Number of protein chains: 2
Amino acid sequence: MSVVEKEALNDLIKQQGDIVRSLKAEKAPKEKIDEEVAKLLQLKAQLTEDEPHKFVLKTAKGTRDHMPAQMALREKVFSTIISCFKRHGGEAIDTPVFELKDTLTGKYGEDSKLIYDLADQGGEILSLRYDLTVPFARFLAMNKISNIKRYQIGKVYRRDNPAMTRGRYREFYQCDFDIAGQYDLMLPDVECVKILAEILKDLGFNGFVIKVNHREILNGMFEFCGVPADSFKTICSAVDKLDKLPWEDVRKEMVSEKGLAEEVADNINKFVVKKGGSELVTALLSDDLATNAAAKRGLEEMRLFFEYCDLYGITNKVSFDLSLARGLDYYTGIIFEAVLTDDGQPGETVGSVAAGGRYDNLVGMFDAKGRAVPCVGISVGVERIFTLLEARALAEQTKLRTNETEVFVASAQKQLVRERMKICSELWDHGLKVEHSYKQNPKLLAQLQYCEERSIPLAIIIGESELQKGVVKLRKVATREEFEVPRDKLTIEIRNYLKNMSSQQERA
Amino acid sequence: MSVVEKEALNDLIKQQGDIVRSLKAEKAPKEKIDEEVAKLLQLKAQLTEDEPHKFVLKTAKGTRDHMPAQMALREKVFSTIISCFKRHGGEAIDTPVFELKDTLTGKYGEDSKLIYDLADQGGEILSLRYDLTVPFARFLAMNKISNIKRYQIGKVYRRDNPAMTRGRYREFYQCDFDIAGQYDLMLPDVECVKILAEILKDLGFNGFVIKVNHREILNGMFEFCGVPADSFKTICSAVDKLDKLPWEDVRKEMVSEKGLAEEVADNINKFVVKKGGSELVTALLSDDLATNAAAKRGLEEMRLFFEYCDLYGITNKVSFDLSLARGLDYYTGIIFEAVLTDDGQPGETVGSVAAGGRYDNLVGMFDAKGRAVPCVGISVGVERIFTLLEARALAEQTKLRTNETEVFVASAQKQLVRERMKICSELWDHGLKVEHSYKQNPKLLAQLQYCEERSIPLAIIIGESELQKGVVKLRKVATREEFEVPRDKLTIEIRNYLKNMSSQQERA
């Protein structure tokens with residue numbers, strides 16, 4: 001297409017765009033608008049068809065690669081979290097990354113629009129999982145499991161607006177721990193909160209608070225304040241925004257968008273400003289609110305919860321917060337959310353890093369006979385934790401090793417590649433972590449530099465004369481000290497050196 | 001809808017189906033056919049609309065859940081493989097589960113039809129990754145990395161015909177190790193084969209062989225035999241089937257389907273039956289085949305490869321096999337495939353469990369300037385290994401523990417839940433792995449049974465009288481021996497018991 005032709009086409013597109021816009025403005029019949037939109041799209045297609053198909057070198061929007069340094073940090077965080085899950089008797093399970101679309105339908109309230117669907121390529125209609133909770137409930141129902149303490153670490157997918165600098169991605173890991181089974185009130189629930197507190201402490205966070213509330217208290221409060229029963233869910237999702245928006249905005253959403261009476265909204269306001277500990281539970285139990293049966297049940301449970309928190313030594317980390325709502329449809333009992341507070345560290349304002357709650361009816365939704373399995377669980381949002389720890393590592397200039405190589409086999413002269421390979425093979429077969437250069441005749445300096453850059457503790461240096469004497473040179477990379485070691489005692493000598501070095505490091 | 005109405009509708013559907021079929025048969029205009037197909041689909045929709053929407057409780061075709069026992073085995077296999085990767089200096093990286101569709105296009109030859117696409121939900125056109133190799137090449141090009149030894153463990157997706165009993169799924173894990181960089185001939189390549197041999201040995205397989213061949217030898221052989229240059233790829237993918245089909249079937253595919261001259265096919269047959277070691281390389285180097293430049297280059301490389309295999313002590317595990325072809329488009333040099341042979345174990349005929357090769361041009365395909373990064377790597381197909389190890393575990397009736405709990409805190413009387421919780425909290429805070437019952441007043445027998453079923457080594461039993469004396473009872477679950485231990489020395493005593501028990505196990 002010539003430049004002139006292209007300009008003409010662009011004009012046509014503009015004209016057609018105006019037609020569509022004016023039809024929309026005058027609210028023309030849908031078929032008429034669709035027809036003109038189709039013409040517009042066809043014109044636009046002509047424009048792009050003409051361009052050579054450009055290959056874009058990037059990852060999908062909202063996703064990213066992880067470099068070795070990031071992976072080293074990730075492995076450390078995962079192993080800390082898994083240790084805690086195992087300390088509480090957790091067993092690992094795994095479920096597929098995609099589910100039948102029907103499995104996910106109707107579980108996420110207003111967030112369902114964020115689910116990724118797979119293309120219909122002639123087969124089942126599938127979607128990528130949105131969290132690990134709904135697949136877990138499907139897993140319990142399908143495999144007829146009525147009690148388990150399971151943990152699962154896996155990626156989940158949300159077509160959300162990514163905010164990568166704040167650790168919000170479209171593909172991200174969740175670390176979940178859930179307790180399923182018919183048990184006594186608050187015993188599994190308080191353990192979940194204890195686990196959350198342990199994990200955050202183990203990861204090195206001191207300033208954090210775990211907000212708790214109860215769906216029954218919320219429902220009771222809505223009823224008590226005069227919210228119509230069929231508006232509970234939508235008002236609940238409005239209250240959920242109070243951690244990001246001021247009350248005035250939330251009130252406006254309730255009244256203008258969701259049609260709540262002004263005085264009802266003001267009633268709600270009196271409650272959602274309340275925060276505290278067990279004393280707030282006691283106060284509310286003597287308040288008029290407790291005349292509402294649901295609120296009373298919830299408050300009684302919270303009283304027990306706070307008593308158990310004392311036994312687990314986590315009371316000072318827990319805050320009863322009537323503004324906590326949690327948008328998801330499936331919660332039925334206690335709900336919680338862990339928020340990092342100011343640790344005096346740079347970039348620490350990441351907000352919520354973990355959340356969870358009780359969902360007693362979700363498994364029943366998958367069971368043909370509606371057989372229920374009560375569940376409570378937590379989900380740790382590790383991406384935000386990574387973002388934070390990466391910022392810390394950067395500020396403190398700490399460097400994690402990205403490999404675990406213990407020995408590098410170097411040669412001081414040419415034509416020694418075969419000798420190097422023989423030594424490598426021997427050491428590998430004895431379980432040592434060993435590298436050598438993939439060049440036939442590398443320069444000694446380049447080989448030693450490689451060791452220093454990668455913090456490899458030991459280097460073996462071989463040369464003709466040493467080989468003839470039946471020895472090799474062993475070098476401590478950090479101090480550059482060198483020792484001669486008998487060739488036939490190499491493995492045992494290396495083991496000794498590594499042992500001494502690591503015990504010296506421990507003492508240092 | 002009544003049964004009669006339903007029958008009438010079914011008749012209509014049948015009639016309409018006939019109309020569509022006859023239109024197709026007489027090659028009617030496309031619009032006409034589409035119109036009648038639309039009518040047919042509308043009729044069919046009436047039929048299903050009427051039925052209550054049935055929810056099917058299942059995982060997507062070709063995928064499965066993993067139970068704790070499977071996960072325990074998986075973790076063991078992964079950690080064995082990762083240990084080996086780290087022993088060779090590997091660093092971990094991670095890439096997203098989906099890529100821009102363009103990234104995957106044109107890399108998999110005839111297998112491209114098995115790629116899962118994501119639905120176009122208004123955004124980029126995406127596909128699930130088919131392997132970890134192409135994303136790795138994209139990763140290198142995009143992040144401008146010219147040398148790395150990386151490993152990656154992740155799920156990949158193929159819309160293949162699942163054969164779950166033989167370990168073939170649509171979602172499955174691959175464990176990849178690749179060496180990228182401009183290095184000397186065969187040095188990284190032979191290390192990849194060494195790694196493969198180590199992994200299979202570490203996993204407990206004795207009977208295996210690693211078949212090797214070279215794309216340049218294949219190309220040279222095709223040229224030498226008289227295959228037209230533009231048929232190399234399609235003939236290569238026919239040869240690739242020789243491990244599953246007899247020569248006669250492959251010959252038929254070459255001649256009848258792919259139009260190869262009969263005598264050319266027979267020329268190929270003379271080569272593809274050849275198997276052996278370095279002596280075969282020597283023989284072929286004096287054969288007429290070596291007059292072909294490509295074949296000669298490949299054979300020279302194989303000579304060096306076998307020399308290096310000797311140094312790494314893996315010659316007896318390697319078989320030069322001229323029938324090995326590997327269908328994927330991207331290989332350029334050595335190719336290999338590990339096959340389990342009969343270990344005298346039941347169900348051991350799973351065939352190929354790992355494969356790989358050299359792909360020197362793949363990264364260049366992603367680089368705007370075509371800047372190449374030579375690569376060689378292996379991919380371990382762990383699903384087949386799991387299927388095999390699960391069958392072995394079942395045959396040997398070995399049981400892996402699915403939890404790591406060290407101590408269970410039990411109560412012998414009612415009203416002791418708070419005492420149990422205090423002890424749990426103390427032990428957790430000291431890093432011990434502890435469980436207790438989530439019932440307020442569980443029966444002692446039920447608690448002890450739980451310990452036995454789950455092989456928890458120690459139980460603490462608390463009762464009123466012991467608590468008053470300032471002691472608790474410690475019970476070895478396996479032997480049912482019981483000891484009294486001072487309450488204030490509980491943690492240290494438990495540590496000692498666990499230490500003694502594990503050293504006794506080691507001696508046993």
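Proteins come first, then strands; the chains are lettered A, B, ... in the order of their sequence lines, and each starts at number 1. These numbers were taken from a predicted model, which means no experiment stands behind them.
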Is [X] in contact with chain B via its backbone, its side chain, both, or neither, using a 4.5 Å heavy-atom distance?
| X | result |
| --- | --- |
| A:Ile145 | side chain |
| A:Tyr151 | side chain |
| A:Lys155 | side chain |
| A:Gln440 | both |
| A:Leu432 | backbone |

Heavy-atom proximity to chain A below 4.5 Å, by part of [X]:
| X | result |
| --- | --- |
| B:Phe172 | neither |
| B:Val97 | both |
| B:Leu185 | neither |
| B:Leu128 | side chain |
| B:Lys61 | both |
| B:Gln182 | backbone |
| B:Glu124 | side chain |
| B:Arg454 | side chain |
| B:Lys58 | both |
| B:Asn143 | side chain |
| B:Ile314 | neither |
| B:Glu75 | side chain |
| B:Ile456 | neither |
| B:Ile115 | backbone |

Short question: side chain of A:Asn403, backbone of B:Gly90 - any donor-acceptor pair under 3.5 Å?
no

Does the side chain of [X] reach to within under 4.5 Å of the side chain of [Y], using non-hydrogen atoms?
| X | Y | result |
| --- | --- | --- |
| B:Ser437 | A:Leu187 | no |
| B:Thr95 | A:Thr59 | no |
| B:Glu191 | A:His436 | yes |
| A:His66 | B:Ile93 | no |

Exercise: identify the closest heavy-atom pair between [X] and [Y]:
| X | Y | answer |
| --- | --- | --- |
| A:Leu100 | B:Ala60 | CD2-CA, 4.2 Å |
| B:Pro68 | A:Ile148 | CG-CD1, 4.1 Å |
| B:Gly313 | A:Ser425 | N-OG, 4.5 Å |

Gap separating the [atom1] atom of [X] from the [atom2] atom of [Y], nearest 0.5 angstrom:
| X | Y | atom1 | atom2 | answer |
| --- | --- | --- | --- | --- |
| A:Tyr438 | B:Lys149 | OH | NZ | 3.5 Å |
| A:Tyr312 | B:Met421 | OH | CE | 4.0 Å |
| B:Met71 | A:Arg150 | CE | CZ | 10.5 Å |
| B:Phe139 | A:Leu57 | CZ | CG | 12.0 Å |

Under 30°, 30 to 60°, or over 60°: which ring-plane class applies to B:Phe98 and A:Tyr157, parallel, tilted or perpendicular?
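The arrangement is tilted - the two ring planes meet at 30° to 60°.
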
Taking the basic N atoms (NZ, or NE/NH1/NH2) and the acidic carboxylate oxygens, is any pair closer than 4.0 Å for [X] and [Y]?
| X | Y | result |
| --- | --- | --- |
| A:Lys201 | B:Asp429 | no |
| A:Glu307 | B:Arg418 | yes |
| A:Asp94 | B:Arg64 | no |
| A:Arg87 | B:Glu404 | no |

Take A:Asp117 and B:Gln121 through the test side chain to side chain contact (heavy atoms under 4.5 Å, CB included) and record every step on the way to the result.
CA-CA 8 Å; A:Asp117 294 330; B:Gln121 292 180 288; 3.1 Å; yes

Sort out for me which of [options] touches chain A most, counting heavy-atom pairs under 4.5 Å.
| options | answer |
| --- | --- |
| B:Arg138, B:Gln70, B:Arg74 | B:Arg138 |
| B:Met142, B:Glu99, B:Lys422 | B:Met142 |
| B:Thr63, B:Leu311, B:Thr405 | B:Leu311 |
| B:Ala92, B:Cys424, B:Pro96 | B:Pro96 |

Just wondering, more than 12 heavy atoms not from B:Lys113 lying within 6.0 Å of its NZ?
yes

